[in-house]
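In the text below, chain A, chain B and the rest are named by the order of the sequence lines, each starting its count at 1. Only heavy atoms go into these numbers, but all of them, side chains included; no hydrogens, no water, no symmetry mates.
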Amino acid sequence: MEQCILIYEDDRDLLELCRIILTGPGRTIKTFNRCENIVSDVERFHPDLILMDLWIPEIGGKRAIELVKEDKDNDHIAVILFSANAEIEQICDDLGADGYLRKPFDLMNFKKTVESHLCN
Amino acid sequence: MLDANTHYEFRGLPVPMEMLRAICKKITAAWPFVGICVMSVCENGLSERLDKDIYTFKILASDVTLRNDELLENYSDIFIPCIKEQRSYFQGSDAHMHPDLLAVIPLLLYAENNDAFELADRCEDKPAYECLKKCLFSFWRRDKSALIFKQTDQVILDIVIEQLNLYNKLYSIMKRYNWLLGKFRHDLRTPLTSVTMIGGLLEQDQDNGELREVGQMLLAASEKMDALLNEFRSEVQS
């Protein structure tokens, strides 16, 4: 079954890198540099996993994830936050996200975290 | 200075607040017949509220925006709530204490002050408590009668407030740069992540040893940069 990952990051270089790294057979990657349309994105692409930067226009990653979590139908979607924010762990807990990556994260850590949440 | 006799205004809250409290106590000790009111107001998007037709008005401030301010609660001994009514009152003149007034906040005092606009513009993206803060020292007689200082007392008060203003200016500059440094450190970590990821990709190249070596160098460099950022943060915080 095709897996779908939505990536939200306002730095285009990092966004493209994430897309390149995660692209593979049986997997659809959709990238966005803004997050205000996240609800319609989720409705359209039915993702298995969302990677969300916290500091992203227009509404910010935190609010975007809150919007997704408001709909119980989205409970199966895994959410991984990434940010340079020192309080990322606490924010992750508060939002009920499934995991986080503290910037700067490396390739292995990135792949490992994503794969583990896709398997779950 | 807003009014030669009863009001002093300065920008930015002195921090630590203990210093402000100490100053208030010392002033009260020196002039026991004087009451001191310290009001602060945070204005987000101040420039939008300014209207050329009314800029000479000095309005009575509402305390609605201040009611939930934890700072005010913690320092309730020096902060005194202002009356709630909001209307133009001291049109075209220096503010004078009304018998029923505890404080007057001239929200529009900086209408022609470019520095204030600049400060307001700089903090558009920051939370309200980070935005333009103005404080007002307001003196009145405890018996609510007209307050007139002796000239020597007035000179001393002028010096005290002048020093406080200088302190606040320095503090505002330091706070601004501290915020910029924090943002810089935060922002730098995103491109650093890209460099780290590229290093990781190159390091995995099975066919080209030179690329693998370049990848390792990139990873080592990005680790050093991250370590430098962490050291820098520790130093700033200490």
Side-chain angles (χ1 to χ4, degrees), chain A residues 5 7-24 29 31-36 51-63 80-92 94 99-115, chain B residues 44-45 123-131 178-208 211-238:
Chain A
I5 303 174
I7 310 174
Y8 294 85
E9 164 64 59
D10 61 339
D11 184 286
R12 289 175 189 273
D13 292 333
L14 184 56
L15 189 62
E16 182 60 10
L17 269 167
C18 291
R19 191 190 64 75
I20 290 168
I21 290 163
L22 295 180
T23 295
I29 312 289
T31 58
F32 309 88
N33 55 19
R34 305 169 71 90
C35 66
E36 64 267 32
L51 292 169
M52 176 63 73
D53 181 29
L54 278 183
W55 200 331
I56 182 173
E58 276 287 324
I59 58 174
K62 199 173 167 183
R63 178 64 190 141
I80 297 172
L81 305 175
F82 43 72
S83 173
N85 193 320
E87 294 166 4
I88 179 78
E89 191 174 357
Q90 183 61 50
I91 295 169
C92 181
D94 293 345
Y100 65 90
L101 286 158
R102 182 175 281 129
K103 291 179 181 176
F105 48 82
D106 61 29
L107 180 68
M108 294 308 291
N109 192 14
F110 176 65
K111 285 166 101 172
K112 199 172 140 187
T113 304
V114 169
E115 296 298 340
Chain B
N44 202 353
C123 62
E124 270 178 359
D125 296 326
K126 297 167 75 179
Y129 62 82
E130 288 286 328
C131 290
N178 194 41
W179 184 82
L180 282 174
L181 284 170
K183 185 176 182 302
F184 170 73
R185 191 179 59 80
H186 181 279
D187 290 350
L188 198 62
R189 284 192 142 83
T190 294
L192 193 57
T193 304
S194 297
V195 173
T196 308
M197 299 269 262
I198 291 167
L201 285 171
L202 293 176
E203 197 187 29
Q204 285 184 338
D205 195 299
Q206 300 296 320
D207 304 322
N208 192 325
L211 280 184
R212 280 202 301 277
E213 206 172 316
V214 170
Q216 285 163 1
M217 287 160 68
L218 275 179
L219 283 174
S222 56
E223 277 174 18
K224 281 179 192 167
M225 283 176 71
D226 192 35
L228 285 171
L229 284 172
N230 288 332
E231 276 177 33
F232 171 73
R233 181 182 60 179
S234 302
E235 204 162 320
V236 168
Q237 284 176 342
S238 67

Trainee: Donor-acceptor pair, distance only, cut-off 3.5 Å: does the side chain of B:Arg189 make one with the backbone of A:Lys103?
Mentor: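 A pair under 3.5 Å: yes.
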Trainee: Between B:Ile198 and A:Leu107, is a side chain to side chain contact (heavy atoms under 4.5 Å, CB included) present by the stated rule, with each step listed?
Mentor: CA-CA 8 Å; B:Ile198 291 167; A:Leu107 180 68; over 6 Å; no
Trainee: Under 4.5 Å from any heavy atom of chain A, what part of B:Arg233 do you find: side chain, backbone, both or neither?
Mentor: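 Contact with chain A is through the side chain of B:Arg233 alone.
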Trainee: Assess whether atom CZ of A:Arg34 is packed by more than 12 heavy atoms of other residues, nucleotides or ligands within 6.0 Å.
Mentor: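 Check passes, neighbour count above 12.
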Trainee: Quick one: what part of A:Ile21 sits under 4.5 Å from any heavy atom of chain B, side chain, backbone, both or neither?
Mentor: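 The side chain, not the backbone.
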Trainee: Can you tell me which portion of B:Leu188 sits under 4.5 Å from chain A's heavy atoms? Options are side chain, backbone, both or neither.
Mentor: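 B:Leu188 has no heavy atom closer than 4.5 Å to chain A.
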Trainee: Quick one, A:Asp11 and B:Ser194 - any side-chain contact, counting heavy atoms below 4.5 Å?
Mentor: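 Yes, at least one pair of side-chain atoms sits under 4.5 Å.
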Trainee: Any side-chain heavy atom of A:Glu9 sitting closer than 4.5 Å to one from B:Thr190?
Mentor: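 In short, these two side chains touch, coming nearer than 4.5 Å.
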Trainee: Measure distances from A:Leu14 to the heavy atoms of chain B and classify the residue's part below 4.5 Å as side chain, backbone, both or neither.
Mentor: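 It is both, since atoms from each part get that close.
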Trainee: Side chains of A:Cys18 and B:Met197, heavy atoms from C-beta outward: is any pair under 4.5 Å?
Mentor: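 In short, these two side chains touch, coming nearer than 4.5 Å.
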Trainee: Do other residues, nucleotides or ligands put more than 12 heavy atoms under 6.0 Å from B:Glu213 CD?
Mentor: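 Not more than 12 within 6.0 Å, no.
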Trainee: As an exercise, state the distance from CZ of A:Arg102 to OG1 of B:Thr193, rounded to the nearest 0.5 Å.
Mentor: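 OG1 of B:Thr193 is found 12.0 Å from CZ of A:Arg102.
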Trainee: Give, as side chain, backbone, both or neither, the part of A:Phe105 having an atom under 4.5 angstrom from any heavy atom of chain B.
Mentor: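 Looking at A:Phe105, backbone and side chain both touch chain B.
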Trainee: Taking atom CD of B:Gln216 as the centre, report whether more than 12 heavy atoms of other residues, nucleotides or ligands fall under 6.0 Å from it.
Mentor: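 Enclosed.
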Trainee: Output the distance between atom NE2 (B:His186) and atom CH2 (A:Trp55), rounded to the nearest 0.5 Å.
Mentor: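 It is 5.5 Å, given to the nearest 0.5 Å.
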Trainee: Begin with the C-alpha distance, continue with both residues' side-chain angles, and end with the deciding distance and a verdict on side chain to side chain contact (heavy atoms under 4.5 Å, CB included) for A:Met108 and B:Gln204.
Mentor: CA-CA 10 Å; A:Met108 294 308 291; B:Gln204 285 184 338; 3.5 Å; yes
Trainee: Quick check for you: among A:Ser83, A:Ala84, A:Ala86, A:Pro104, which has the greatest number of heavy-atom pairs under 4.5 Å with chain B?
Mentor: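 Result: the option with the highest number of such pairs is A:Pro104.
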